[in-house]
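Throughout, a chain's letter reflects where its sequence line sits, starting with A, and its residues are numbered from 1.
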Number of protein chains: 2
Amino acid sequence: MSTECQPLEPATPAGDSLGKESLNKESLSKERLRLWLRMLRVTRQIEAELREKLRVEFDSTLPRFDVMAALFRDSDGLKMNELSKRLRVSNGNVTGIVERLVDDGAVERIAIEGDRRATLVRLTAAGRATFTEMARAHEGWVNALLDGVTEDDAHHIGELLHGLPADTGERQ
Amino acid sequence: MSTECQPLEPATPAGDSLGKESLNKESLSKERLRLWLRMLRVTRQIEAELREKLRVEFDSTLPRFDVMAALFRDSDGLKMNELSKRLRVSNGNVTGIVERLVDDGAVERIAIEGDRRATLVRLTAAGRATFTEMARAHEGWVNALLDGVTEDDAHHIGELLHGLPADTGERQ
DNA sequence: GGGAAATAGTTCAAGTATGAAATTTCAAGT
DNA sequence: ACTTGAAATTTCATACTTGAACTATTTCCC
């Protein structure tokens, strides 16, 4: 959903006693909020279009795509554990998605010798083939959706986002 | 979820016969994909933190917050219809969220005279009070999460996002 | 006026998502 | 060996989300 709330009235109204308006903390906070709302709206919109494309053209979904993408990168397979860390979603969530991918024949579970708690999850050959097609299409869709963005823009925004607390988290 | 896929190998590999690499279509496409993945990751991360905050501090959720925000802006109330258009979510979705907000006492349904199909949905006094608190906190959280973003940055990214196909859609 | 089309909502099935509890297995320490 | 604790997953309750089917009401048009 959209978080369609707009900045409320400033707590420090008209006359600002701290200095230039544009250097004001209130103003900066409002501007960041506006930015966040716009980022959210754009992201949601793009996600919706990608989801629709995946649904219509591949009878698949974004979560499935995400899981397959992670497994495609680690072609030796991942433990459920690692998968959920990689995708930053809850453990139980991954269980369900993988379950459906197994039903689809795109993914297989492999027992790990020496640890009967864990399971390895891996793309099947069919899964790899399907994902390769999906990924190619996906890149095309994104490219089209970000039509107005030049390479410089992309690079610039990327840099700005990169410094954010939200982007510097525990990845890997 | 995350769409953690990285750009695959370029279809046009090393030697590029079309001109400078940075002006290459392939390269631009990859750069846009990279940008999209980063936007998605940052957005998801911020959303996750906001959701957590709402849960812990207000025992609420983002969808509830979004609905309340929309109703706060239109203090006369909105029809379910308008609400779902405003938030860009499905009709049935809004039904459920409003239902829970009604249970919470934050929202009330009001019959519309002259059209027995539609219902008006409005924040209660309690709902307005609660939302005012939540919105203040929310702005603070966003402000903190976007800590590294200057006012110029915010403005710049905002402008770039603004031109996107995804942002120019049927709003309001 | 009467019926087709449009509009407003709810309901439904399936999938996604979380956080918490429960289960099974492993790893130590005693 | 035994128990305690950690680790890997699944299960569960709840909630969100979509797209489609369904109901009820209104509007339009002949």
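- Within the structure, salt bridge (Lys or Arg N to Asp or Glu O under 4.0 Å) contacts touching residues 97-108 of chain B (residues at least two apart or in different chains) are B:Arg64-B:Asp104, B:Glu108-B:Arg122.
- Take the nearest nucleotide of DNA chain D for A:Arg51 and for A:Asn81: the residue whose nucleotide is more 5' is A:Asn81.
- Interface remark: the B:Arg117 side chain does form a donor-acceptor pair with the C:dT7 base, using a distance-only criterion of under 3.5 Å.
- Computed from coordinates, the B:Arg100 CZ to D:dC16 C1' distance equals 7 Å when rounded to whole Å.
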Test side chain to side chain contact (heavy atoms under 4.5 Å, CB included) on A:Phe72 and A:Met134; report intermediate values, then the result.
CA-CA 12 Å; A:Phe72 187 86; A:Met134 290 199 303; over 6 Å; no
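- We find that CZ of A:Arg55 is positioned 8 Å from C1' of D:dT18, with the value rounded to whole Å.
- Looking at heavy-atom distances under 4.0 Å, A:Gly92 makes contact with a base.
- One can place CD of A:Glu99 at 14 Å from P of C:dA14, the figure rounded to the nearest angstrom.
- If you check every strand for non-hydrogen atoms under 4.0 Å, B:Asn91 touches a base.
- In this structure, A:Glu82 reaches neither bases nor backbone, as no heavy-atom distance under 4.0 Å exists between it and the strands shown.
- Nucleotide C:dG15 holds its P atom 17 Å from the CG atom of A:Asp66, rounded to whole Å.
- The interatomic distance linking B:Asn93 (CG) with C:dC12 (C1') rounds to 14 Å, in whole Å.
- The phosphate of D:dT17 (OP1 or OP2) has no side-chain N or O of B:Ser90 nearer than 4.0 angstrom.
- Along DNA chain C, the nucleotide nearest to A:Asp115 and the one nearest to A:Gly96 differ in position, and the one closer to the 5' end is contacted by A:Gly96.
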